[in-house]
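Starting from 1, each residue takes its place in the sequence as its number. This one's a predicted model, so the numbers in the text were calculated from it and none came from an experiment.
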Amino acid sequence: MAPVSTRAVLLRGYDYGDTSRILRFYTLDHGLLSVVARGVRGRSGKGGSAVSSFSSGDLVAYVKPYGDLHTMKDFSSERARPRIPLHVLRFAGAACLVELVLSHAEQEPQPMLFERLNEELDRLDAAVASELPPAILSALWRVTSVFGFEPELTACVHCGRSLGDDEVGRFDFEAGGLRCEACGHGPTGPRLGPIARGQVRALLEGSPPGALTHPRRHLALISDFVAHHVAQKPLKALRFLADRLPPDADEPS
């Protein structure tokens, strides 16, 4: 069996036996790929950093035509993103992206997802601490949108009427967007006014506001949206992140 080479980002790793690990990559050419990396545990220096989570580089592996577990020959890390594991909020955000990809991505390659994941991990690694909450929320929305799920924020998802500039809508998670004031009596989702709608749009566009006064409410919105449309259940990493975001402006610190 000839080895194949592909660009890859390491999502997660598990110990396997005494010296090996099972590594889960998202790759440009093969989508999700799980490999056995034999003898990598206990390495130091260059060899140790080459298999650190959230790093990107070139993966060489023996990929079987059938089966879910393959054999790694080599992984050459080009972007280690060393700041992510050293900061708990940065790590929590990256862990959410990883779980989101693992919950929905398939073995079929999605080049746009691969590029978006790398872009957002780079942004989390580079962001200053004060910019991390909006950067993390933006990354989650933008990866979710690559899967084909994006909230409707402009028109009522029930009657189709355009929302007024000053109108407060009610989020309908089943329908995937906002209901106008006249149609908003049924859903139990949060109410979003024009400021919050504008912030969500900015997060989706990758231009997050410099600061958010209600980061936990924004996280609750995307968490429920993901549970309804992407993962069909709440993601554990999102709960971990929620406890590490700064409190909302009207919450006790």
Side-chain angles (χ1 to χ4, degrees), residues 3-16 20-38 40 49-85 90-127 135-150 204 206 222 226 229-233 235-238 240-241:
V4 300
S5 178
T6 181
R7 292 169 59 202
V9 54
L10 177 56
L11 304 179
R12 190 173 289 174
Y14 310 90
D15 290 344
Y16 180 72
S20 302
R21 303 200 81 203
I22 293 177
L23 305 178
R24 302 201 69 186
F25 289 92
Y26 193 77
T27 70
L28 178 62
D29 301 310
H30 300 276
L32 282 174
L33 205 63
S34 297
V35 302
V36 177
R38 303 190 185 281
V40 298
S49 64
V51 289
S52 58
S53 295
F54 315 121
S55 61
S56 296
D58 293 320
L59 172 67
V60 181
Y62 297 96
V63 179
K64 304 172 186 175
Y66 306 99
D68 298 325
L69 190 59
H70 313 279
T71 301
M72 187 179 85
K73 180 180 179 182
D74 184 53
F75 178 60
S76 177
S77 176
E78 296 176 353
R79 284 179 283 176
R81 303 185 177 104
R83 300 179 68 199
I84 290 179
R90 210 181 299 273
F91 175 84
C96 288
L97 287 182
V98 164
E99 189 175 2
L100 184 58
V101 171
L102 288 171
S103 72
H104 191 74
E106 300 175 350
Q107 290 185 329
E108 293 299 319
Q110 293 178 269
M112 185 178 295
L113 174 59
F114 179 81
E115 297 299 335
R116 180 63 55 82
L117 177 61
N118 275 282
E119 176 187 343
E120 298 304 332
L121 287 173
D122 283 343
R123 188 151 58 123
L124 295 187
D125 187 60
I136 291 169
L137 293 165
S138 178
L140 292 171
W141 274 123
R142 285 168 59 75
V143 169
T144 299
S145 71
V146 173
F147 290 134
F149 303 102
E150 192 167 304
L204 280 160
I222 189 171
V226 165
H229 297 282
V230 182
Q232 284 71 57
K233 62 180 180 180
L235 300 183
K236 294 179 180 179
L238 288 174
F240 176 76
L241 173 62

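- Open room surrounds OH on Y16; 12 or fewer heavy atoms of other groups in view lie less than 6.0 Å from it.
- More than 12 heavy-atom neighbours from other residues, nucleotides or ligands sit within 6.0 angstrom of CG on D15.
- Contact detail for P85 and F91: the closest heavy-atom pair is CA-CD1, 4.3 Å.
- The nearest pair of heavy atoms linking R123 to S138 is NH2-OG, 2.9 Å.
- The OG1 atom of T6 sits 8.5 Å away from atom CG of D58, with the distance rounded to the nearest 0.5 Å.
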- CA sep, side-chain torsions, deciding dist, call: C96, I136, side-chain contact (heavy atoms from CB on, under 4.5 Å): CA-CA 9 Å; C96 288; I136 291 169; 5.6 Å; no
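- Between the side chain of E99 and the backbone N or O of A237, at least one donor-acceptor pair lies under 3.5 Å.
- In this structure, L33 CG and F25 CZ are separated by 8.5 Å, a value rounded to the nearest 0.5 Å.
- When all heavy atoms are compared, the tightest approach of L32 to A105 is CD1-O, 3.3 Å.
- Rounded to the nearest 0.5 angstrom, L97 CG and R116 CZ are separated by 11.0 Å.
- Closest approach of T27 to F114, counting heavy atoms only: C-CD1, 3.7 Å.
- Summarising the geometry, atom CD1 belonging to I84 is positioned 10.0 Å from atom OG belonging to S53; distances are rounded to the nearest 0.5 Å.
- Across R24 and L10, no two heavy atoms sit closer than the pair O-CD1, 3.5 Å.
- Annotation for E108: atom CD does not count as buried by contact number, only 12 or fewer foreign heavy atoms lying within 6.0 Å.
- Separation of atoms NE2 (H70) and OG (S34) is listed at 7.0 Å; rounding is to 0.5 Å.
- Judged by distance alone, with hydrogens and angles left aside, the side-chain atoms of S145 form a donor-acceptor pair with the main-chain N or O of R142 at under 3.5 Å.
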- Task: Please report the C-alpha distance between H229 and H104 in whole Å, then the side-chain angles of each, then the deciding distance to 0.1 Å, and finally whether the side-chain contact (heavy atoms from CB on, under 4.5 Å) criterion is met.
- Result: CA-CA 10 Å; H229 297 282; H104 191 74; over 6 Å; no
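- The two atoms that bring Q110 and F147 nearest to each other are OE1-CE2, 4.3 Å, heavy atoms only.
- The shortest distance between side-chain heavy atoms of S103 and L235 falls below 4.5 Å.
- Ion pairing between a basic and an acidic side chain is recognised when a charged N comes within 4.0 Å of a carboxylate O; R90 and D125 show no such pairing.
- Between V101 and V9 the shortest side-chain heavy-atom distance does not fall below 4.5 Å.
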- Message: Could you walk me through whether R81 and S56 satisfy the side chain to side chain donor-acceptor pair (under 3.5 Å) test, starting with their C-alpha distance in whole Å, then the side-chain angles of each, then the deciding distance to 0.1 Å, before giving a yes or no?
- Response: CA-CA 8 Å; R81 303 185 177 104; S56 296; 2.8 Å; yes
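- L28 is not listed as a side-chain neighbour of P109, based on a closest heavy-atom distance of 4.5 Å or more.
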- Item | Evaluation steps, side-chain contact (heavy atoms from CB on, under 4.5 Å), between V4 and H30 | CA-CA 10 Å; V4 300; H30 300 276; 3.8 Å; yes
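- At least one side-chain heavy atom of V98 sits under 4.5 Å from a side-chain heavy atom of F54.
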- Item | Test side-chain contact (heavy atoms from CB on, under 4.5 Å) applied to L59 and L23, step by step | CA-CA 11 Å; L59 172 67; L23 305 178; over 6 Å; no
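- Here the CD-CH2 distance, from E150 to W141, works out to 8.5 Å after rounding to the nearest 0.5 Å.
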